[in-house]
There are 2 protein chains.
Amino acid sequence: MVKYQNIANELRKKIVSGEYPPGTQIALERELCEKYSVSRITVKRAVDELVKQGLIVKRRGSGTFVKSVEDSDMKALSMSRQFEGFTESYQGKKVTSKIIKFSIVHPKEDIAAKLLLKSDDFVYDVVRVRCALDVPIVIEYMKMPIQLIPGLKKEILKKSIYAYIQNELKLKIQSAHRRICAVMPSKEEKAYLGIESTLPLLEIEQIAFLDDGRPFEYSVSRHRGDKIAFKSVSVR
Amino acid sequence: MVKYQNIANELRKKIVSGEYPPGTQIALERELCEKYSVSRITVKRAVDELVKQGLIVKRRGSGTFVKSVEDSDMKALSMSRQFEGFTESYQGKKVTSKIIKFSIVHPKEDIAAKLLLKSDDFVYDVVRVRCALDVPIVIEYMKMPIQLIPGLKKEILKKSIYAYIQNELKLKIQSAHRRICAVMPSKEEKAYLGIESTLPLLEIEQIAFLDDGRPFEYSVSRHRGDKIAFKSVSVR
DNA sequence: GAGTGGTCTAGACCACCCC
DNA sequence: GGGTGGTCTAGACCACTCG
């Protein structure tokens, strides 16, 4: 662990724990330099992490202050390495998956383009219904290049693909580009998700990238509108 | 304009214009140092801006490469200062507003808490339907403290509140915390938005903060699912 | 082994806020 | 005027990739 991350983590703890309540000023950058025996640029990097996460604001000429964020958000913000599959975001709760489809196909042209593949390459074609505490929450349609993510099996799909990619394949996930909208479920989706009344779905179309910039996932997931919300902080 | 922003802008232009096509390696950090006669840390800041925007990836030991992003995304990413009201995100198109409600009230307890007010403070209570090219797109329910945003008038509501805040009041917007979900419209909303069939809405609940950390807006906006999508890039 | 980006230092000066 | 964060320098060493 590098210095600026340590400092960021310590500060974050103090904010989340309430040692720095909302609205209070935190230690000056130059004080933090002394306290941790680091240069000011290193302190700034640490503090900027928390700004990015939405926990604090800096005022030139005045100091750095804890933002007034609700407790629930506070925890969410401090946890969210913003990067997680469904399994991770439901940490603590029992997550299960029902596999509707698992095959290997050639990608359609538009998806091949998004994943930088040729139409005679192969991709996994996965459809899963994912449940938390045995309640269906989301149906997920996913395409992944078999070259990049070899060895995918049903057993893995039942758990977490992201865990497999990171822990077994030792690949790192760099970023995800998302498009979020609202849609109505099809009849099949209503059945899979156990929806009886009129309930909209939150659709997230995602292209996810590895560390080296290669796209490794194209997916569309449709979440029950009454069970899921997507949170985001944008700064500057 | 500071140095790192200039460098970031120049690089962004080269990427968006196609001078650096997707997948290509961009100039080395040490080369950019020489080219712009700046230190390496300054170059890194510039390059990191573009990483944050999702345009490029850095590979330690190899170099920095343009991500393969669709052209439409490319422009969106490079534009999006991620910060905009509805008016700004529809730049170029004619945006109009119909004011459904504009009054001054005491905030309810939960909203007072979110805006750091007491229940005997006052807030504007605004409901607007906003249209692009005269087509209703979104209905917006907004509360704003009158102390922070004085002088709001109907004329302003018809245009852009954000423009008023930034250009007239000279206040700066620092961040927004959002919660996004999918809902069904009420009867009134269907009427206001001209919805006849079964169409879901994308709901965005937002608390927006000024430069100095004070929350100045609590709003819930409900967008026609067939007209609007929300885009987001998350890195690391 | 040569070359890349990642982290870090110990300063410096500037822009801004508040007294 | 005194103190804050913002930007920047000119180095240094480290971790990683690749041939």
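Each chain gets a letter, A, B and so on, in the order the sequences are listed, and its residues count up from 1.
- At whole-Å resolution of the value, CG in B:L32 and P in C:dT4 are 12 Å apart.
- For A:R40, the salt bridge (Lys or Arg N to Asp or Glu O under 4.0 Å) criterion is met by A:E29, not counting sequence neighbours.
- Applying the salt bridge (charged side-chain N to carboxylate O under 4.0 Å, His left out) test to pairs two or more places apart or on separate chains, those with a residue in residues 107-123 of chain B are A:E70-B:K114.
- For the pair B:Q25 CD and D:dT17 C1', the computed distance is 12 Å after rounding to whole Å.
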Tabulated below should be each protein N or O lying under 3.5 Å from an N or O of nucleotides 9-13 of chain D; please produce it.
from	atom 1	to	atom 2	distance (Å)
D:dT9	OP1	B:K3	NZ	3.2
D:dT9	OP2	B:S39	N	2.6
D:dT9	OP2	B:S39	OG	2.8
D:dT9	OP2	B:T42	OG1	2.7

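- Taking atom CZ of residue B:F65 and atom P of nucleotide C:dG3, one finds them 16 Å apart after rounding to whole Å.
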Protein-nucleotides 16-18 of chain C N/O pairs under 3.5 Å:
from	atom 1	to	atom 2	distance (Å)
C:dC17	O3'	A:S62	OG	3.2

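- With distances taken from any side-chain atom of B:R45 to the nucleotides D:dT7, D:dG5, C:dG5, the minimum falls on D:dT7.
- For the side-chain contact (heavy atoms from CB on, under 4.5 Å) test with A:L11, the passing option among A:V43, A:L55, A:L32 is A:L32; the others fail.
- Axis angle across the helix from C:dG1-D:dC18 to C:dC18-D:dG1, with five pairs used at each end and values rounded to 10°: 10°.
- For the OP1/OP2 pair of D:dC8 and a distance below 4.0 Å, the side-chain nitrogens and oxygens of B:Y4 include no atom meeting the criterion.
- One atom, NZ of A:K44, and another, C1' of D:dC8, lie 11 Å apart when rounded to the nearest Å.
- Take B:D48 and apply the side chain to side chain donor-acceptor pair (under 3.5 Å) test, not counting sequence neighbours, and it matches B:K58.
- For A:K3, the salt bridge (Lys or Arg N to Asp or Glu O under 4.0 Å) test picks out no residue, with sequence neighbours left out.
- Atom CG in A:D48 sits about 14 Å away from atom P in C:dT7, given to the nearest Å.
- Between B:K58 and C:dT4 there is no side-chain N or O to OP1 or OP2 distance below 4.0 Å.
- Taking atom CG on A:N6 and atom C1' on C:dT7, their separation rounds to 13 Å, with Å as the unit.
- In this entry the distance linking CG of B:D212 with P of D:dT4 reads 19 Å, nearest Å.
- Contacts of A:R179 classified as side chain to side chain donor-acceptor pair (under 3.5 Å), with partners at least two apart in sequence or in another chain: A:E205.
- Under the ring pair (Phe, Tyr, Trp, His ring centres under 6.0 Å) criterion, B:F122 pairs with B:H106, sequence neighbours left out.
- One atom, CE of A:M1, and another, P of D:dA15, lie 16 Å apart when rounded to the nearest Å.
- The aromatic ring centres of A:H223 and A:F230 sit 6.0 Å or more apart.
- Shown here are the side chain to side chain donor-acceptor pair (under 3.5 Å) partners of B:K101, two or more places apart in sequence or in another chain: B:D125.
- Sorted pairs that involve residues 165-177 of chain B and meet salt bridge (charged side-chain N to carboxylate O under 4.0 Å, His left out), not counting sequence neighbours, are lacking altogether.
- Under the salt bridge (Lys or Arg N to Asp or Glu O under 4.0 Å) criterion, A:D211 pairs with no residue, sequence neighbours left out.
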